[in-house]
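These notes are about the structure you will find just below.
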Amino acid sequence: MASYDDVMSLSVRRGFLWPAVDLYGGFAGFYDYGHNGFLMRRRWEDLWTETFLGLSDNYYLIDTTTILPEAPLKASGHVDHFSDLLVTCTRCGESYRGDQLLEGATHEEHEGLTPAELDARIRELKIRCPNCKGELGPARPFNMMFPLDVGPTGKDRAYLRPETAQGVYLNFRREFEALRRKLPMGLAIVGRAYRNEISPRQGAYRMREFLQAELQIFFDPATFGAGLPFDAIASAPVRIAWAAEKNQPGAHEIFPKDLVASDLPPWYVYHLAAVQRFYLDRLRVPRDAFRFAELDEKERAFYNRIHFDIQVKQESLGGFKEVGGVHYRTDHDLKGHEAMSHAKQSVTFDGSRLIPHVLELSFGVDRNVWALLDLSYSKGERIVLRLPPRLAPVSVGVFPLVNKDGLPEKAEALHVSLRKRFAAFYDDSGSIGRRYARMDEIGTPFTVTVDHESLEGKGVTVRERDSQKQIRLTESELADTLTQLLAGDKTFGA
RNA sequence: GCGUGGGUAGUCUAGCGGUAGGACGUUGGCCUUCCAAGCCUACGACGCGGGUUCAACUCCCGCCCCACGCACCA
């Protein structure tokens, strides 16, 4: 059980994460990673990449610009749907979205109005503040995207990308050609995205600059399901909370075939199972702390036909919180870019001509890092970060038992040799217990101690973080055994 | 953005209109044969800006930042 302050305090103290620019009082919505946070994050990204690119031989990482001109973001719908006109009540100060006020009054859709047009309509319809009946102030544009003026004249309107996905869609045709016209084709980006959140909150949970890891899978809906090894996931139930239950704490355990029976496409269910396996098996998230939460039609974006959030239960954030999503975006994005750019996005594959559909596996990297810090945090006599070994910033700590009799020299030599294969860290400061405690706090799974017996060729001790138990290994077997322990191929003490 | 509460070393915290104290951590040393021991040593803070005052960390104003609630989160 970790409170928000527990996680943040450890993060700051041990070099994981802290508010950016705090020298100048901070900068809301922006966080910096320290040395351990960066290592842990990179290990998460590596594991993510290995897992999801591993779903197919035709899935790859690409990297695209973080600044996009206006046109593609108009095509994607972000310029119109990500920008709202806000109207503030002059009496009670409450703010409303202009289009929603008009819709409430006329039951018609109102999009693309200028601020002046909206003001005129509000006067015409005599709309008052729904909260206090006060007079409404002038409309002002609010854009969730950060606008930029590119070039010397500043006339080329551009934005920081609000999601990495568009970079993939813009490169679909190039990659389809370069990857020799095969479907399904997967293109992933791990990179930064930017949203001008109205009120950033809860540390790394809602930030204005954040990292996404997104895999866009392009496929033919007619054949995608048949090409997937559905049997491989059929026996494991998937944890689901339906839209109506999202404020309840639990989840149903539903077998894949029953999800298909409830109208989800087999290929969609297959990917839910793959995502769940990533969380439960690779990230070692406790089963009851993981679920998919369905979004109903009102909640999901207009282009998503099917949308389940990936949620992880975090004490520090007050329960199940979104860390990613599985989105069936249909052919919305490619169609939009075709219409705007006039560049054909349809392709011929297996004898049929189509604009591929897209399944997006989307993950907030910072949110995932935070969730793992939260879940790993355990506090007894001392704080222990029970990270999965793959994610720990340091894999092996190396210590001399005492600082005399040549033990430091021997331990340092061992450290130098272990460094070639592991993220190893040497420490001879303070007592041995203190050094174990320091390693526990950053989640180092194993520590090796050189003692007097080591000088006599009787090996070294290896301590396991979670059990605090020790075994003695000869120096010749040490490296291979550590490799097996870290990979989970061997159980400690066995 | 609105409301409530808050901001003192790296972390946690005491305090006062007049020299800012502690604990833990960190540094260096002594000691030490396995889990934050002990002794010595050193480093280290009043979020920012303005005002009142002989004097402001303390009172007043503005801003920034944080948590929580509301709103927002295509």
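Throughout, a chain's letter reflects where its sequence line sits, starting with A, and its residues are numbered from 1. Side chains are part of it too, since the values below use all heavy atoms of this structure and drop only hydrogens, waters and symmetry mates.
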Can you check whether [X] and [Y] have ring centres sitting under 6.0 Å from each other?
X        : Y        : result
A:Phe302 : A:His332 : yes
A:Phe38  : A:Phe16  : no
A:Phe27  : A:Phe30  : yes

Nearest to the [X] side chain among [options], which nucleotide is it?
X        : options             : answer
A:Arg438 : B:C34, B:U26, B:C66 : B:U26
A:Thr461 : B:C34, B:G3, B:U33  : B:C34
A:Arg463 : B:U33, B:C35, B:G1  : B:C35

A:Thr64 and A:Arg161: side-chain donor and acceptor closer than 3.5 Å?
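Result is yes, a qualifying pair exists.
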Under a 3.5 Å limit for both distances, which nucleotide forms a Watson-Crick or G-U wobble pair with [N], could you say?
N     : value
B:G3  : B:C68
B:C16 : none
B:C59 : B:G51
B:C30 : B:G38
B:A23 : B:U11

Protein within reach of the bases, or only the backbone? For nucleotides 37-42 of chain B, mark each nucleotide 5' to 3' as B, S or -, using heavy atoms under 4.0 Å.
S-----
Gap in Å between the two [atom1] atoms, one belonging to [N] and one to [M], rounded:
N     : M     : atom1 : result
B:G62 : B:U27 : C1'   : 41 Å
B:G15 : B:G7  : C1'   : 16 Å
B:A42 : B:G21 : P     : 15 Å
B:C68 : B:C48 : C1'   : 24 Å

Over how many whole Å does the gap from [X] atom [atom1] to [N] atom [atom2] extend?
X        : N     : atom1 : atom2 : result
A:Asp428 : B:U32 : CG    : P     : 16 Å
A:Lys404 : B:G29 : NZ    : P     : 16 Å
A:Gln468 : B:A36 : CD    : P     : 9 Å
A:Ile432 : B:U32 : CD1   : C1'   : 11 Å
A:Asp22  : B:C46 : CG    : P     : 13 Å
A:Phe27  : B:C63 : CZ    : C1'   : 15 Å
A:Tyr4   : B:C68 : OH    : P     : 7 Å
A:Asp427 : B:G25 : CG    : C1'   : 13 Å

Between A:Arg41 and A:Tyr33, is NZ or CZ placed under 6.0 angstrom from the six-membered ring centre and within 45° of the ring axis?
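Here A:Arg41 passes the 6.0 Å and 45° test against A:Tyr33.
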Face-on cation placement of A:Arg367 at A:Tyr205 ring, 6.0 Å and 45° thresholds
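Yes.
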A:Val448 and side-chain contact (heavy atoms from CB on, under 4.5 Å): which partner among A:Leu482, A:Leu473, A:Thr461?
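For A:Val448, the side-chain contact (heavy atoms from CB on, under 4.5 Å) test succeeds with only one of A:Leu482, A:Leu473, A:Thr461, which is A:Leu482.
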Against A:Phe308, only a single residue in A:Glu294, A:His271, A:Arg291 fulfils side-chain contact (heavy atoms from CB on, under 4.5 Å); can you say which?
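Between A:Phe308 and the candidates, side-chain contact (heavy atoms from CB on, under 4.5 Å) is satisfied uniquely by A:Glu294.
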Crowded around A:Tyr24 OH? As in, over 12 foreign heavy atoms under 6.0 Å?
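No, not enclosed.
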Taking CD in A:Glu297 as the centre, count heavy atoms belonging to other residues, nucleotides or ligands within less than 6.0 Å. Is the count above 12?
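Not buried by this count: 12 neighbours or fewer within 6.0 Å.
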Looking only at N and O atoms, is any donor in the side chain of A:Tyr24 or the base of B:C64 less than 3.5 Å from an acceptor on the other one?
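In this structure, the two groups form no donor-acceptor pair.
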Can you find a donor-acceptor pair, distance only, under 3.5 Å between A:Arg201 side chain and B:G69 base?
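Yes, a donor-acceptor pair under 3.5 Å.
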For A:Asp405, answer base if it contacts any base atom (sugar-phosphate contacts may also be present), sugar-phosphate if it contacts only those atoms, and nothing otherwise; contact means non-hydrogen atoms under 4.0 Å.
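If one applies the 4.0 Å heavy-atom cut-off, A:Asp405 turns out to touch nothing in the nucleic acid.
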Applying a 4.0 Å non-hydrogen cut-off, can you work out what A:Glu441 is touching in the nucleic acid: base, sugar-phosphate, or nothing?
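Base contact - A:Glu441 has a heavy atom under 4.0 Å of at least one base atom.
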Return yes if some donor-acceptor pair links the side-chain N/O of A:Arg465 with the main-chain N/O of A:Asp440 below 3.5 Å, else return no.
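No, the answer is negative, given that no donor and acceptor are paired below the 3.5 Å cut-off.
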Calculate, to the nearest 0.5 Å, the distance between atoms CE and CG belonging to A:Met207 and A:Asp366 respectively.
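Going from the CE atom of A:Met207 to the CG atom of A:Asp366 covers 3.0 Å.
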How many angstroms lie between OH in A:Tyr194 and CD1 in A:Ile67, if you round to the nearest 0.5 Å?
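Rounded to the nearest 0.5 Å, the OH-CD1 separation comes to 8.0 Å.
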Look at the side-chain N and O atoms of A:Gln202 and state whether any lies under 4.0 Å from the OP1 or OP2 oxygen of B:C68.
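For B:C68, OP1 or OP2 has a side-chain N or O of A:Gln202 closer than 4.0 Å.
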Minimum heavy-atom separation for A:Phe422 and A:Ala479, please, with both atom names.
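Of all heavy-atom pairs spanning A:Phe422 and A:Ala479, the closest is CZ-O, 3.2 Å.
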Distances under 3.5 Å between protein N/O atoms and the N/O atoms of nucleotides 8-12 of chain B, please, pair by pair.
residue: B:U11; atom: O3'; partner: A:Ser9; partner atom: OG; Å: 3.4
residue: B:U11; atom: O2'; partner: A:Ser9; partner atom: OG; Å: 3.3

Where do N or O atoms of nucleotides 72-74 of chain B meet protein N or O atoms at under 3.5 Å, pair by pair?
residue: B:C72; atom: N3; partner: A:Arg206; partner atom: NH1; Å: 3.4
residue: B:C73; atom: OP1; partner: A:Arg97; partner atom: NH1; Å: 2.7
residue: B:C73; atom: O2; partner: A:Arg206; partner atom: NH2; Å: 2.7
residue: B:A74; atom: O4'; partner: A:His81; partner atom: O; Å: 3.1
residue: B:A74; atom: N7; partner: A:His78; partner atom: NE2; Å: 3.4
residue: B:A74; atom: N6; partner: A:His78; partner atom: NE2; Å: 3.0
residue: B:A74; atom: N6; partner: A:Glu163; partner atom: OE1; Å: 3.4
residue: B:A74; atom: N6; partner: A:Tyr303; partner atom: OH; Å: 3.1
residue: B:A74; atom: N1; partner: A:Tyr303; partner atom: OH; Å: 2.3

